[in-house]
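For reference, the structure is listed below as C-alpha cells.
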Number of protein chains: 2
Amino acid sequence: MKTSGKPTRERIIDAASKLFYGEGIRAVSVDAVAEKAGLTKRTLYYHFQSKDELIAAYLDGRDQPNLGLFQRWFDEAEGGIDQKIRMIFWQLAKSARHPRWKGCGYLRTAAELATMPGHPAIKTGIAHKKRVEAWLASAFAAEGVRSPELLARQIILLLDGCFAVVLLNRDPSYMETAGEAAATLVKAALA
Amino acid sequence: MKTSGKPTRERIIDAASKLFYGEGIRAVSVDAVAEKAGLTKRTLYYHFQSKDELIAAYLDGRDQPNLGLFQRWFDEAEGGIDQKIRMIFWQLAKSARHPRWKGCGYLRTAAELATMPGHPAIKTGIAHKKRVEAWLASAFAAEGVRSPELLARQIILLLDGCFAVVLLNRDPSYMETAGEAAATLVKAALA
DNA sequence: CGAAGTATACTGACTAGTGAGTGTAATTGG
DNA sequence: CCAATTACACTCACTAGTCAGTATACTTCG
C-alpha cells in the first residue's frame, strides 16, 4: 500500500520525524509511527533494527535542512555580520510563533535521553551542533573576528538558550533578546 | 515503616525528586517512587491525586534551593558585578562535572512535557525562572545598569543555554564560555 | 523455455511486560 | 474514634519487539 513514490524507509523517517518532534520520543510508540507511515510495525522493523535506530535516523534527517535554514537566513540578511546574526534570531522568533513549534528536536531528545549520553541519537545531536558552530566560526573568521571559535561557541549558547527558554515559557520575544545579546557579543569581538 | 522523622509527604517528594531528576519524568513510574520512598503506591495516592501533581511538587521543592544556590555563589564571589556573574557559571561548570549532573530539571521537564504548555509543572518552571530573572534584574539595578531587566533576560538565556548545550555534549567548558559571554554583556551594559 | 531458487518487501497475530490508577478489607497508633 | 497506612489483587490501556508466513520480481540453470 505504497501511497507515494518515496521509498518506504524515507516514508518511515518522515512519519517518525513528525511524530517524534511533535510529541516527543518517549510519548510516541513504534506502532504510532508505523500507522502514520501507512504500514505495519513488522515492516518498520524490517527497515530499522530498533526504535533507538529510528530515533537516530529522525535526527540525522534534520541535520542538513536545519543548518541550511540558518545559512539561508544569514546569507539573505542585509547589513554587517552583527545584523546577519541578529536576523537568525529574528527568524527563529518567527518560527517559534507557529503553533506547531516545539523547540529544538536535538535538545529535547537530549533531555529525554539524559541517562544515555552514548546513545546514537545524542551523538547525532552533538555532531549537528558542532557543524553549526563550525559554520559560524568560519563566517566570523571571514570577517576578521579575533577568536572566531570562541564567538561561535557564545552564539551557540544563545541559540540553544533561547530554544530552551522559549520552550518553557512560550514567549518568543526572548529570541529577539537573544539576538540583541548576540549582536552585542559580535560587536565586542570585532572592536 | 517510617524510616525517618520526616512527614510522609516530604519523603515522597524527596524520592520523586531523586528519581525524576536522575532518570526523567516519563522514565520513572509511580511504583518506583513509592518503592524509593519506602511505602505503598496506595499510600502515595493518598497524598497525591496523580502523577502530574507529584511532578509539580517535585519542581516546586527545587525552586528555593536552586535560587538560593545562585544567590550564595553570587554573594560570596569577589570583584565587580561581572566577576560575580561569571562566578555563577564557574560554579555551574563545577556541578556539571559531577557524574550525577543531568542538566536543569525545569528545562528537562519542559522538554518532556512540550505538548502540555499549561501543565502545572510547566507553570512552576516558568515561575522559577522568572524569580531568578527578577533577582538578577534587582542586582543589576543596584549596580546602576541602564536596563537591568534586559540584561537579566540575556543572562538567563546564557544560563539556560549552557544547561541545554552541556546536557547534549557533556562538555562543561561551555559553561565557562557562557560565563565569559555573560561578563562581556554585563560590561557592555555598564559602559 | 520453464522450473527452481532467491532477495526484497511486507503482513497479522502474538508475547511478555509495563503503565497509571482503583477497590477493599484489615491494621496501626495517637 | 480517626487519620494514616498497608497488602494486594485488579483493570485497562499501552509497548517494544518477534514468529511464521505470504506476495512479487528477478535470476539461474537444465
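Chain naming here is simple, since letters A, B, ... match the order of the sequence lines and numbering starts at 1 in each. Nothing here was measured: the structure is a model prediction, and the numbers come from that model. Worth knowing before you read on, the calculation uses all heavy atoms, side chains too, and leaves out hydrogens, waters and symmetry mates.
- What separates CG of D52(A) from C1' of dG17(D) is a distance of 12 Å, to the nearest Å.
- Remark: D60(A) engages no residue in a side chain to side chain donor-acceptor pair (under 3.5 Å) (not counting sequence neighbours).
- Among the atoms of the strands shown, only primed sugar atoms or phosphate atoms (P, OP1, OP2) are found under 4.0 Å from some heavy atom of S29(B).
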Below 3.5 Å, can you tabulate the donor-acceptor pairs from side chains in residues 14-26 of chain A to any protein atom, sequence neighbours excluded?
residue: D14(A); atom: OD2; partner: K6(A); partner atom: NZ; Å: 2.7
residue: S17(A); atom: OG; partner: R62(A); partner atom: NH1; Å: 3.2
residue: Y21(A); atom: OH; partner: K102(A); partner atom: N; Å: 2.8
residue: Y21(A); atom: OH; partner: G103(A); partner atom: N; Å: 3.4
residue: Y21(A); atom: OH; partner: G103(A); partner atom: O; Å: 2.8

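- One atom, CG of L44(B), and another, P of dA7(D), lie 14 Å apart when rounded to the nearest Å.
- Applying the salt bridge (charged side-chain N to carboxylate O under 4.0 Å, His left out) test to D171(A) and every residue at least two apart in sequence or in another chain returns nothing.
- A straight line from CD of E35(A) to P of dA16(D) spans 14 Å, rounded to a whole angstrom.
- Rounded to an integer number of Å, the gap from F48(A) CZ to dT15(D) P is 19 Å.
- One can place OH of Y46(A) at 18 Å from P of dA20(D), the figure rounded to the nearest angstrom.
- For residues 128-144 of chain A, every residue pair satisfying the side-chain hydrogen bond (donor to acceptor under 3.5 Å, both in side chains) rule, not counting sequence neighbours, is listed here: D63(A)-H128(A), D63(A)-R131(A), Q64(A)-R131(A), K129(A)-D160(A), K130(A)-Y174(B), E133(A)-Y174(B).
- Residue L54(A) contributes atom CG, which lies 14 Å from atom P of dT15(D) at whole-angstrom precision.
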message = Can you build the contact string for nucleotides 22-30 of chain C? Use B for base contact, S for sugar-phosphate-only contact, and - for no protein heavy atom under 4.0 Å.
response = BBB------
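- The CG-P distance, from D31(B) to dG17(C), rounds to 16 Å in whole Å.
- In this structure, the side chain to side chain contact (heavy atoms under 4.5 Å, CB included) partners of E53(A), at least two apart in sequence or on a different chain, are F48(A), Q49(A), S50(A).
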